[in-house]
Amino acid sequence: MYVARRVPELPEVEVTRRELEPQLLGRVIERVRTTAPSYFFITPPATLRKRLEGRSGVGLSRLGKYLVLELDDGARLLLHLGMTGQLFFSGASSLGLLSALRGMALAPEKQTEGFTPDAHTHLVFEFGDRGPSLLFRDVRKFGKVEFLLHGAESARLDKLGVDALRATGAELHAAASVRKIAVKSLLLDQSVLAGVGNIYADEALFLAGIHPKRSARRLKLADCERLVAEVQRVMLRSIETGGSSISDYVRPSGARGSYQDERRVYGRSEEACSTCQTLIRRIVLGQRSTHFCPACQRR
DNA sequence: AGACTAACCTGAAAGC
DNA sequence: TGCTTTCAGGTTAGTC
């Protein structure tokens with residue numbers, strides 16, 4: 001059986017940003033703990049410790065799926081959650097909340113007070129105020145941490161396109177008209193629209209009535225405008241419900257983002273389309289599972 | 001140079 | 001029951 005998973009895309013990163021910002025900025029990072037060098041660390045752990053200890057955050061922004069922590073000396077720290085990354089503060093409520101937003105159920109023994117960093121917790125900030133520590137946990141290590149000195153260029157950020165929430169149909173159309181790829185692949189290209197991942201790409205294409213395999217080059221301006229509008233609508237709605245689940249989160253057992261219930265096609269292959277009752281199909285496109293309604297979405 | 005593909009990683013679930 | 005295989009996905013490096 002095919003099991004759908006939830007992975008941090010733009011809305012999850014934005015909800016995380018909003019959660020972290022008030023609890024992080026202005027606090028002096030006294031000590032940095034890390035795991036051993038790995039794929040996860042673009043900047044070696046030893047360098048991170050040296051550069052970050054004694055600093056404090058003065059700004060936390062988001063571009064696509066990246067979080068950018070601006071430090072008091074002008075340096076920046078890029079954080080990417082990859083597929084299984086979790087950022088949270090030590091203490092039960094934060095952990096439960098954020099894991100719920102991720103849609104990842106934690107084992108009961110890990111939901112207790114005073115979460116102890118485990119082998120998957122690759123980065124920990126301990127603060128001079130002795131308040132809750134910031135933990136970055138990532139089981140599959142697809143997440144990324146990169147330190148940038150004041151004024152340093154970031155190849156990763158520089159190659160991102162316009163943030164999906166700020167994009168216009170005209171911008172998408174300009175990129176689409178010169179690409180010989182499927183529209184779904186276009187949406188996933190971070191150099192075009194930054195922040196769109198597999199789930200919201202499928203959802204937006206369904207809502208816009210566009211077949212995922214339709215050629216990008218054949219998209220008309222009106223198609224692109226509709227598509228961008230649906231990308232933004234579904235993402236804004238997801239941010240909204242992620243926020244509302246904060247107050248809904250009471251029992252660990254029932255915790256999850258309400259997005260699960262609103263999704264129309266993703267992970268619903270062989271189920272009836274909510275619009276026309278045709279069975280939702282699943283195909284593989286660009287090495288990614290792709291879900292669509294063969295009747296509602298035209299090539 | 002654009003387009004496509006394998007690799008990175010781990011745990012859950014399916015398969016045997 | 002338990003060991004083995006498959007699979008998910010964001011990003012990047014490598015190939016054609």
Side-chain angles (χ1 to χ4, degrees), chain A residues 1-14 16 35-43 62-68 78-87 99 102-110 118-123 136-146 154-161 163-164 174-205 212-218 231 235 238 256 259-260 263 265-270 282-291:
Chain A
M1 187 187 75
Y2 172 73
V3 179
R5 299 172 186 285
R6 194 177 189 201
V7 142
E9 299 186 27
L10 186 153
E12 291 71 30
V13 178
E14 177 60 21
T16 300
T35 49
S38 73
Y39 189 76
F40 177 87
F41 293 105
I42 303 299
T43 301
R62 179 192 58 73
L63 184 53
K65 300 170 195 170
Y66 285 90
L67 286 175
V68 184
L78 304 192
L79 303 170
H80 195 295
L81 295 174
M83 290 179 53
T84 54
Q86 298 173 294
L87 278 166
S99 62
R102 295 290 98 65
M104 298 173 194
L106 280 176
E109 66 271 17
K110 288 181 179 165
D118 61 8
H120 299 307
T121 304
H122 302 293
L123 185 65
F136 191 167
R137 185 170 184 271
D138 185 3
V139 170
R140 292 186 203 170
K141 290 194 278 194
F142 277 19
K144 296 273 180 291
V145 179
E146 182 177 26
S154 166
R156 286 178 171 71
L157 289 187
D158 289 349
K159 74 173 154 201
L160 293 181
D163 189 83
S177 58
V178 297
R179 300 299 196 96
K180 285 195 253 189
I181 54 177
V183 59
K184 163 93 185 261
S185 300
L186 180 76
L187 285 181
L188 292 180
D189 187 336
Q190 301 298 299
S191 72
V192 178
L193 297 191
V196 183
N198 204 36
I199 301 172
Y200 295 108
D202 281 3
E203 293 299 312
L205 285 167
K213 289 181 90 168
R214 190 189 298 182
S215 158
R217 252 192 324 191
R218 286 184 40 239
V231 165
M235 286 186 162
S238 180
R256 62 176 193 174
Y259 165 78
Q260 285 285 16
R263 99 205 119 81
V265 291
Y266 186 83
R268 291 199 187 279
S269 55
E270 303 311 312
R282 174 178 178 267
I283 60 173
V284 175
L285 200 169
Q287 297 179 300
R288 292 290 171 262
S289 65
T290 298
H291 315 73

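To find a chain, count down the sequence lines: A is the first, B the second, and so on, and within it residues start at 1. Computed from heavy atoms alone, side chains included, the values below leave out hydrogens, waters and symmetry copies.
- Applying the 4.0 Å criterion to OP1 and OP2 of C:dG10, one finds that A:Lys144 has every side-chain N and O outside that range.
- In this structure, the side chain of A:Arg62 engages the main chain of A:Gly64 through a donor-acceptor pair within 3.5 Å.
- Each end of the helix from B:dG2-C:dC16 to B:dC16-C:dG2 gets its own axis, taken as the rotation carrying the C1' atoms of four end pairs onto the next four within a five-pair window, and the two axes meet at 60° to the nearest 10 degrees.
- When the C1' atom of C:dA8 is taken as reference, atom CG of A:Leu188 falls 14 Å away, rounded to whole Å.
- Taking every heavy atom of both residues into account, A:Pro8 and A:Lys65 meet most closely at O-CD, 4.3 Å.
- Side-chain proximity of A:Asn198 to C:dA8, C:dT12, C:dG10: nearest is C:dG10.
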For each nucleotide in nucleotides 3-8 of chain B, reading 5' to 3', give B when a protein heavy atom comes within less than 4.0 Å of its base, S when such contact involves only the sugar-phosphate, and - otherwise.
SSBB-B
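- Counted by atom type alone, A:Thr35 and A:His122 present one or more donor-acceptor pairs between their side chains at under 3.5 Å.
- A:Thr84 places no side-chain N or O within 3.5 Å of a backbone atom of A:Gly82 that could act as its donor or acceptor partner.
- In this structure, A:Asp189 atom CG and B:dG2 atom P are separated by 11 Å, rounded to whole Å.
- Between the CZ atom of A:Arg137 and the CG atom of A:Leu87 there is a distance of 12.5 Å, given to the nearest 0.5 Å.
- Taking side-chain N and O atoms only, A:Thr84 has no distance below 4.0 Å to OP1 or OP2 of C:dG9.
- For A:Val139, taking side-chain heavy atoms from C-beta onward, the closest of the listed nucleotides C:dG9, B:dG11, C:dG10 is B:dG11.
- Salt bridge status for A:Arg263 with A:Asp202: absent, with no side-chain N to carboxylate O gap under 4.0 Å.
- Within the structure, a side-chain polar atom (N or O) of A:His120 is placed less than 4.0 Å from OP1 or OP2 of B:dG11.
- A distance-only check finds a donor-acceptor pair linking the side chain of A:Gln190 to the backbone of A:Val196 [under 3.5 Å].
- For the pair A:Asp118 CG and B:dT10 C1', the computed distance is 13 Å after rounding to whole Å.
- With hydrogens and angles ignored, the 3.5 Å screen pairs no side-chain donor or acceptor of A:Gln86 with any backbone N or O of A:Asp138.
- The distance from atom CG of A:Leu81 to atom C1' of C:dG9 is 13 Å, rounded to the nearest whole Å.
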